[in-house]
K.L.:
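My structure is below; once you've seen it, I'll send some questions.
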Amino acid sequence: MTAPASTELDPRFSASDASATPWDDAQRALTDAGIYWITTVRHDLRPHVTPLIGLWIDDSFYFCTGPGEQKAKNIVDNSNCAVVTGSNTYGKGLDVVVEGNAERVVEQARLDDLSGAFVAKYGDDWRFEVRDSAFHHAGGEAWVYEVVPHKVLGFEKGNQSGQTRWRFHHQS
């Protein structure tokens with residue numbers, strides 16, 4: 001796991017006695033989540049939000065979607081996106097927002113690894129055959145995307161609620 005370039009508690013949105021959430025806690029929330037929400041941007045700049053399954057591996061978020069689905073169409077025009085996970089409870093838990101760009105994964109070896117990871121996390125209903133730079137199963141073709149975070153926000157809820165921001169510097 002790579003440490004963020006910076007970790008900051010935002011005092012504007014944090015209790016006076018709050019401390020920054022450890023990066024390990026955010027990583028655990030991202031790894032353990034079963035459902036995530038992704039926001040992409042339509043061609044006319046309206047947001048598109050939808051739930052999906054995904055993987056947090058090696059400091060990146062991975063998901064798959066059919067090439068004809070709205071989120072895939074949006075990413076062609078604008079790769080900026082936000083991925084959110086957490087809980088819908090008030091007063092406890094950690095919500096995490098990953099901001100970054102979605103880039104298509106096409107390398108056979110990486111797709112093979114990710115295919116196995118989807119089965120390990122979600123079971124045989126999510127078993128894919130990898131060919132032609134994509135996942136394939138009874139539902140059709142699915143393109144795989146990686147979101148490398150530029151920034152991650154953590155919203156700790158509870159008595160010492162706080163907003164933590166982790167920033168990353170990635171090589172281009």
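The first residue in the sequence is number 1, and the count goes up from there.
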K.L.:
Can you check whether D32 reaches W56 side chain to side chain, under 4.5 Å on heavy atoms?
P.N.:
no
K.L.:
How does the hydrophobic cluster around V41 look, that is, which other residues are in it when side-chain heavy atoms under 4.5 Å mark a link?
P.N.:
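Noted: V41 shares its cluster with L45.
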K.L.:
Hey, what do you get for CG (L111) to CZ (F128), rounding to the nearest 0.5 Å?
P.N.:
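The distance works out to 11.0 Å.
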K.L.:
If I compare all heavy atoms of T31 with all of Y36, which pair ends up nearest, and what's the gap?
P.N.:
O-OH, 4.1 Å
K.L.:
Please report the shortest heavy-atom distance between G54 and F118, naming the atom on each side.
P.N.:
CA-CE2, 4.1 Å
K.L.:
Roughly how far apart are I35 CD1 and T85 OG1, rounded to 0.5 Å?
P.N.:
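OG1 of T85 is found 8.5 Å from CD1 of I35.
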K.L.:
Show the atom names and distances, to 0.1 Å, of all donor-acceptor pairs under 3.5 Å that link a side chain in residues 68-76 to residues at least two apart or in another chain.
P.N.:
| unit_1 | atom_1 | unit_2 | atom_2 | d |
| --- | --- | --- | --- | --- |
| E69 | OE1 | T65 | OG1 | 3.1 |
| E69 | OE1 | K71 | NZ | 3.0 |
| E69 | OE2 | G66 | N | 3.1 |
| Q70 | NE2 | N74 | OD1 | 2.7 |
| K71 | NZ | T65 | OG1 | 3.4 |
| N74 | ND2 | T40 | OG1 | 2.8 |
| N74 | ND2 | Q70 | O | 3.3 |

K.L.:
Partners of R167 by salt bridge (charged side-chain N to carboxylate O under 4.0 Å, His left out), sequence neighbours excluded?
P.N.:
none
K.L.:
Are V152 and V96 side-chain neighbours, meaning at least one heavy-atom pair lies under 4.5 Å?
P.N.:
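Contact flag for V152/V96 side chains = yes.
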K.L.:
Measure the spacing between OG1 of T21 and CZ of F155 and express it to the nearest 0.5 Å.
P.N.:
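Rounded to the nearest 0.5 Å, the OG1-CZ separation comes out at 10.5 Å.
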K.L.:
Is any side-chain heavy atom of V119 less than 4.5 Å from a side-chain heavy atom of D124?
P.N.:
yes
K.L.:
Step by step, would you call V83 with W37 a side chain to side chain contact (heavy atoms under 4.5 Å, CB included)?
P.N.:
CA-CA 6 Å; V83 178; W37 291 81; over 6 Å; no
K.L.:
Output every pair passing ring-ring contact (aromatic ring centres under 6.0 Å, His included) with a member in residues 63-83, not counting sequence neighbours, ordered by first then second residue.
P.N.:
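Non-adjacent pairs meeting ring-ring contact (aromatic ring centres under 6.0 Å, His included): F63-Y145.
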K.L.:
What is the minimum heavy-atom distance between S87 and G93, and which atoms define it?
P.N.:
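Taking S87 first and G93 second, the nearest heavy atoms are OG-CA, 4.4 Å.
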K.L.:
Are a donor atom and an acceptor atom from the side chains of S161 and E156 found within less than 3.5 Å of each other?
P.N.:
no
K.L.:
Going by the rule salt bridge (charged side-chain N to carboxylate O under 4.0 Å, His left out), which residues pair with D112 if we only count those two or more places apart in sequence or in a different chain?
P.N.:
none
K.L.:
If the condition is salt bridge (charged side-chain N to carboxylate O under 4.0 Å, His left out), which residues does E107 pass it with, not counting sequence neighbours?
P.N.:
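Once residues adjacent in sequence are excluded, E107 has no partner under the salt bridge (charged side-chain N to carboxylate O under 4.0 Å, His left out) criterion.
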K.L.:
Which residue pairs pass the ring-ring contact (aromatic ring centres under 6.0 Å, His included) test when at least one of the two sits in residues 87-115, sequence neighbours left out?
P.N.:
none
K.L.:
Check the pair T7 / T164 against side chain to side chain contact (heavy atoms under 4.5 Å, CB included), numbers first and verdict last.
P.N.:
CA-CA 7 Å; T7 300; T164 303; 3.8 Å; yes
K.L.:
Would you give me the side-chain donor-acceptor pairs under 3.5 Å for residues 133-142, sequence neighbours excluded?
P.N.:
| unit_1 | atom_1 | unit_2 | atom_2 | d |
| --- | --- | --- | --- | --- |
| H136 | NE2 | R131 | O | 3.1 |
| H137 | ND1 | G139 | N | 2.9 |
| E141 | OE2 | W143 | NE1 | 3.4 |

K.L.:
Report yes if some heavy atom in the side chain of C81 is under 4.5 Å from a heavy atom in the side chain of N101; otherwise report no.
P.N.:
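No - every pair of side-chain heavy atoms lies 4.5 Å or more apart.
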K.L.:
Would a single hydrophobic cluster contain both F61 and V49, if residues Ile, Leu, Val, Met, Phe, Trp and Tyr are joined by side-chain heavy-atom contacts under 4.5 Å?
P.N.:
yes
K.L.:
Calculate, to the nearest 0.5 Å, the distance between atoms CG and CG belonging to L30 and L94 respectively.
P.N.:
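CG of L94 is found 8.5 Å from CG of L30.
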K.L.:
Show the atom names and distances, to 0.1 Å, of all donor-acceptor pairs under 3.5 Å that link a side chain in residues 13-20 to residues at least two apart or in another chain.
P.N.:
| unit_1 | atom_1 | unit_2 | atom_2 | d |
| --- | --- | --- | --- | --- |
| S14 | OG | D10 | O | 2.6 |
| S14 | OG | Q163 | N | 3.0 |
| D17 | OD2 | Q160 | NE2 | 3.4 |

K.L.:
Which atom pair, heavy atoms only, marks the closest approach of T39 to P47?
P.N.:
CG2-CB, 4.2 Å
K.L.:
Please check if atom CG in D44 has more than 12 non-hydrogen atoms from other residues, nucleotides or ligands closer than 6.0 Å.
P.N.:
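Enclosed: over 12 neighbouring heavy atoms sit under 6.0 Å from CG of D44.
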K.L.:
Identify the heavy atoms of W166 and L153 that sit nearest to each other, and give their distance.
P.N.:
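Answer, listing the atom of W166 first, then L153: CZ3-C, 3.8 Å.
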K.L.:
Does the side chain to side chain contact (heavy atoms under 4.5 Å, CB included) test come out yes or no for V144 and R104, once each step is laid out?
P.N.:
CA-CA 6 Å; V144 179; R104 188 156 173 225; over 6 Å; no
K.L.:
Measuring from atom OG of S115 to atom CD of Q108, what distance do you get when rounded to the nearest 0.5 angstrom?
P.N.:
10.0 Å
K.L.:
Are L52 and W126 co-members of a hydrophobic cluster defined by side-chain heavy atoms under 4.5 Å apart?
P.N.:
yes
K.L.:
Provide the full list of salt bridge (charged side-chain N to carboxylate O under 4.0 Å, His left out) pairs with a residue in residues 84-103, sequence neighbours left out, each pair given once.
P.N.:
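For residues 84-103: D95-K157, E99-K151.
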K.L.:
Which residues pass the salt bridge (charged side-chain N to carboxylate O under 4.0 Å, His left out) test with D132, sequence neighbours left out?
P.N.:
none
K.L.:
Taking only residues two or more places apart in sequence or in another chain, which ones pass side-chain hydrogen bond (donor to acceptor under 3.5 Å, both in side chains) with Y62?
P.N.:
R110, E146
